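We name chains A, B, ... by the order of the sequence lines, and we start the count at 1 in each one. Fair warning: this is a prediction, and the values are worked out from it, not measured in the lab. Atom set for the values below is all heavy atoms of this structure, side chains included, hydrogens, waters and symmetry mates excluded.
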There are 2 protein chains.
Amino acid sequence: MSLRYALLALLTAAPMTGYEASRRFQSSVGHVWHAPDSQIYPELRKMEAEGLLAVEAVEDGGRGEKRYYRPTEAGIAALKAWMETPLKYAPDRDPAHLKAAYFEFASLEAARRTLRDHIEHYEGLLEQWERQIYEVDSGTSQVLSQRLAGRSRAEHDRIAAFKRFAYEGLVARAHAEIAWARSGLRMLDGYSAST
Amino acid sequence: MSLRYALLALLTAAPMTGYEASRRFQSSVGHVWHAPDSQIYPELRKMEAEGLLAVEAVEDGGRGEKRYYRPTEAGIAALKAWMETPLKYAPDRDPAHLKAAYFEFASLEAARRTLRDHIEHYEGLLEQWERQIYEVDSGTSQVLSQRLAGRSRAEHDRIAAFKRFAYEGLVARAHAEIAWARSGLRMLDGYSAST
DNA sequence: CGTCTCATGTAAGGAGTTACATGATTTA
DNA sequence: TAAATCATGTAACTCCTTACATGAGACG
């Protein structure tokens, strides 16, 4: 259910075609809510049908038309309404911690490998998220610049601060995961030394 | 796909009926991989059909029979094989951080409320997870005691250490989430003071 | 001449959620 | 006598994943 709000939020920056939306999704909201093209296109259609998005069709030199999506007032209202309602937290489902809890069924090498993979995984994300923070700070994010166009200075700061805040949380999480996996590797070292 | 491994892991502690499995699931593996009854029963049947579980049916005084599930050798092998294969990480999909990134569409009160809810949510989980650690340390966990029955002392320590390790990771995560939300509340205080 | 990007999806299937169904027995 | 627990699920639905389809123009 969050996908539609992620899309609405993205489209408030500027009207876009489905293609643009799915490209930019990945470089902005997608860091916090992933969705593949195959989900984005149908969802845009559905939102159009429900009156949350308006479409402006533009001729595109012989090869059909481009469909620019833009949130309607109902769309903006839906986004705001979602913001006012409490979140539903998805129940915990974490394969890495599940595996770790049952490492007695794994070989020592496999256990080490999964922890190293965990570190690598979160280091990759960390890099992404830190780059996002950098882009917010330096104003190099295209989506964010569009979003800020025509807003007051005070709004700029708030909007950027919120993005920064969200990414900071993810960065902190990545650090916690990496620290955890490292402590696990140390624990495993204790067991390999004794056998 | 992890559900079946969570179930296999649970059933290695002792043979159980579907009902017992779904009760105990919630007080052990369920903290790390949630699943409702409606998913557990069919999955047990499927695993039985695939030869990963064996069933011993016991008469249950007039009202039918109880079906005790126990992992077969193939089941244990499947669990071990899963342990040796690298994890697939689910793409990021985090409604709390999504919301936070677009707080400009929320009222100040709603933003505060979502952060306070976030804190409350993770404080609840923290309590659960810390209780799990306590149960591991004090030997009060029934599932864990069954699992340890008939194993050597060295194995005891390892097995308990892995459980502890898994929960420590979750505890660390909860602390990180709480700290993040608190910092968000401070940020919002800055904005409410200035308006 | 082939691959990349633009531009738009469909189709099949698995995983998870929510709500409901049934009937016995134990506990308050 | 009502509610909780034991014991077992089914059914309908949404969400997400994976793989495939098509056809134009641009780039090397």
Side-chain angles (χ1 to χ4, degrees), chain A residues 1-7 11 15-27 29-30 32-50 53 55-69 82 87-95 98 142, chain B residues 1-7 11 15-27 29-30 32-50 53 55-69 82 87-95 98 142:
Chain A
M1 260 292 87
S2 296
L3 173 57
R4 65 174 31 186
Y5 302 108
L7 284 168
L11 291 169
M16 288 172 217
T17 66
Y19 182 74
E20 275 176 301
S22 67
R23 287 313 104 180
R24 295 204 190 167
F25 199 87
Q26 275 155 69
S27 59
V29 224
V32 105
W33 192 274
H34 166 85
D37 295 12
S38 60
Q39 238 190 318
I40 292 175
Y41 285 111
E43 188 63 28
L44 290 172
R45 289 282 179 164
K46 257 175 72 183
M47 289 162 78
E48 184 195 346
E50 293 174 35
L53 297 179
V55 181
E56 197 195 345
V58 174
E59 268 308 310
D60 184 30
R63 59 169 163 183
E65 52 176 25
K66 286 173 147 191
R67 298 164 49 79
Y68 283 91
Y69 289 100
W82 177 67
L87 281 180
K88 274 189 247 163
Y89 284 85
D92 292 288
R93 223 169 256 125
D94 186 324
L98 172 59
Q142 204 201 144
Chain B
M1 260 291 87
S2 296
L3 172 59
R4 65 172 32 186
Y5 303 108
L7 283 169
L11 291 169
M16 288 171 215
T17 66
Y19 182 73
E20 276 176 298
S22 68
R23 289 311 104 179
R24 297 206 188 165
F25 199 86
Q26 275 156 67
S27 60
V29 224
V32 103
W33 192 274
H34 168 86
D37 295 12
S38 62
Q39 236 190 322
I40 291 176
Y41 285 110
E43 187 64 28
L44 290 171
R45 290 281 178 164
K46 257 175 73 183
M47 288 161 78
E48 185 195 344
E50 292 175 35
L53 297 179
V55 181
E56 196 195 345
V58 174
E59 267 310 310
D60 185 28
R63 61 169 163 185
E65 51 176 27
K66 287 174 147 191
R67 298 163 49 79
Y68 282 92
Y69 289 100
W82 177 68
L87 283 179
K88 274 189 247 164
Y89 284 86
D92 292 288
R93 221 170 258 124
D94 188 322
L98 172 59
Q142 203 200 16

> Quick one: list whatever passes side-chain hydrogen bond (donor to acceptor under 3.5 Å, both in side chains) with D94(A), sequence neighbours left out.
R173(B)
> What is the distance from OH of Y68(B) to C1' of dT8(D), rounded to the nearest Å?
14 Å
> Rounded to whole angstrom units, what separation is found between the CG atom of D37(B) and the C1' atom of dA21(C)?
14 Å
> Could you list the protein-to-nucleotides 15-19 of chain D atom pairs, N/O on both sides, closer than 3.5 Å?
residue : atom : partner : partner atom : Å
dC16(D) : OP2  : Q39(A)  : NE2          : 2.7
dC16(D) : O3'  : R93(B)  : NH1          : 3.1
dC16(D) : O3'  : R93(B)  : NH2          : 3.3
dT17(D) : OP1  : R93(B)  : NH2          : 3.4
dT17(D) : OP2  : R93(B)  : NH2          : 2.7
dT18(D) : O4   : S38(A)  : OG           : 2.8

> Write down the distance between CZ (R45(B)) and P (dA11(D)), rounded to a whole number of angstrom.
14 Å
> Just the rounded figure in Å: distance from C1' of dA7(C) to CG of L44(A).
13 Å
> Separation of E50(B) atom CD from dG14(C) atom P, in whole Å?
11 Å
> Can you measure E48(B) atom CD to dT8(D) atom C1' for me and round it to whole angstrom units?
14 Å
> Among dC6(D), dG9(C), dT8(C), which nucleotide has an atom closest to any side-chain atom of T17(A)?
dT8(C)
> Rounded to whole angstrom units, what separation is found between the CD1 atom of I40(B) and the P atom of dA7(D)?
15 Å
> Mind checking side-chain hydrogen bond (donor to acceptor under 3.5 Å, both in side chains) for Q26(B) and listing every partner two or more places apart, or none if nothing turns up?
none
> Return the set of residues passing side-chain hydrogen bond (donor to acceptor under 3.5 Å, both in side chains) with R23(B) (not counting sequence neighbours), or none when no residue passes.
D37(B)
> With sequence neighbours excluded, tell me which residues meet salt bridge (Lys or Arg N to Asp or Glu O under 4.0 Å) with E56(B).
none
> Partners of Y89(A) by ring pair (Phe, Tyr, Trp, His ring centres under 6.0 Å), sequence neighbours excluded?
H118(B), H121(B)
> Of all residues at least two apart in sequence or in a different chain, which pass the side-chain contact (heavy atoms from CB on, under 4.5 Å) check with R4(B)?
M1(B), E43(B), K46(B), M47(B), E50(B), L52(B)
> Can you list everything that forms a ring pair (Phe, Tyr, Trp, His ring centres under 6.0 Å) with W82(A)? Sequence neighbours excluded, please.
Y5(A)
> Could you work out how much the helix from dC1(C)-dG28(D) to dA28(C)-dT1(D) bends, comparing the axis of its first five pairs with that of its last five, to 10°?
30°
> Nearest whole Å is fine: how far is dA7(D) P from K66(B) NZ?
4 Å
